[in-house]
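Note that the numbering runs from 1 along the sequence shown for the chain. All of these numbers come straight from a predicted model, not from anything done at the bench.
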Amino acid sequence: TERHRLIEAEWQDSAGSGDQSSLYKGNLNIYVYDKVGVLIAIAQVFSEREINVTAMSSRSGKNGRATINVSFDVKSRNELDRIIEKLRQLEVVIDVERTTG
């Protein structure tokens, strides 16, 4: 109802600066097949890229599927895109949806 209050925003390129002030909050919903080891596989994608996961929750749904919500700190839009691409390559992942960040 208040869409007129939205402002357009873009990612600022931080040419490799690794300080904490250049981090952005990311949040993904990851839809997966509900199997043993799924959370470990998801966490490993972030760990291999040295990305700090600030929150992770999961809930099982119907038909052997689950939703995992992950909040994390990311340095750039490119890094976020690479994470999403890597997650989609996992056999247990059905889809990945960016919710914020």
Taking all non-hydrogen atoms of both residues, which atom of [X] and which atom of [Y] are closest, and how far apart?
X: Arg88; Y: Val93; answer: CA-CG1, 4.2 Å
X: Tyr24; Y: Lys75; answer: CE1-O, 3.5 Å
X: Leu28; Y: Arg98; answer: CD2-CA, 3.6 Å
X: Glu79; Y: Arg49; answer: OE2-O, 4.3 Å

- [ ] Please tell me if the side chains of Asp73 and Thr54 come closer than 4.5 Å, counting only heavy atoms from C-beta onward.
- [x] yes

- [ ] With the side chain counted from C-beta on, respond yes when Leu39 and Ser58 share a heavy-atom pair under 4.5 Å apart, and no when they do not.
- [x] yes

Open item on the list: Taking atom CD as the centre, does Glu48 end up with more than 12 heavy-atom neighbours from other residues, nucleotides or ligands that are less than 6.0 angstrom away?
Closed with: yes

Open item on the list: Quick check on Glu91: does its CD atom have over 12 non-hydrogen neighbours (other residues, nucleotides or ligands) under 6.0 Å away?
Closed with: no

Among the clusters formed by ILVMFWY side chains lying less than 4.5 Å apart, do [X] and [Y] turn up in the same one?
X: Ile94; Y: Val70; value: no
X: Leu90; Y: Ile68; value: yes
X: Val92; Y: Tyr31; value: no
X: Leu87; Y: Tyr33; value: no

Hey, what do you get for [atom1] ([X]) to [atom2] ([Y]), rounding to the nearest 0.5 Å?
X: Leu23; Y: Ser76; atom1: CG; atom2: OG; value: 10.5 Å
X: Ser57; Y: Asn29; atom1: OG; atom2: CG; value: 8.0 Å
X: Glu97; Y: Ile84; atom1: CD; atom2: CD1; value: 10.0 Å
X: Asp95; Y: Arg65; atom1: CG; atom2: CZ; value: 10.5 Å
X: Ser71; Y: Asn52; atom1: OG; atom2: CG; value: 11.0 Å

- [ ] Would you check if there is a donor-acceptor pair between the side chains of Asp34 and Ser60 at a distance under 3.5 Å?
- [x] yes

TODO: Determine whether the side chains of Asn27 and Thr99 contain a donor N or O and an acceptor N or O closer than 3.5 Å.
DONE: yes

Task: Qualifying ring pair (Phe, Tyr, Trp, His ring centres under 6.0 Å) pairs with a residue from residues 60-96, counting only residues at least two apart or across chains - done: Phe46-Phe72

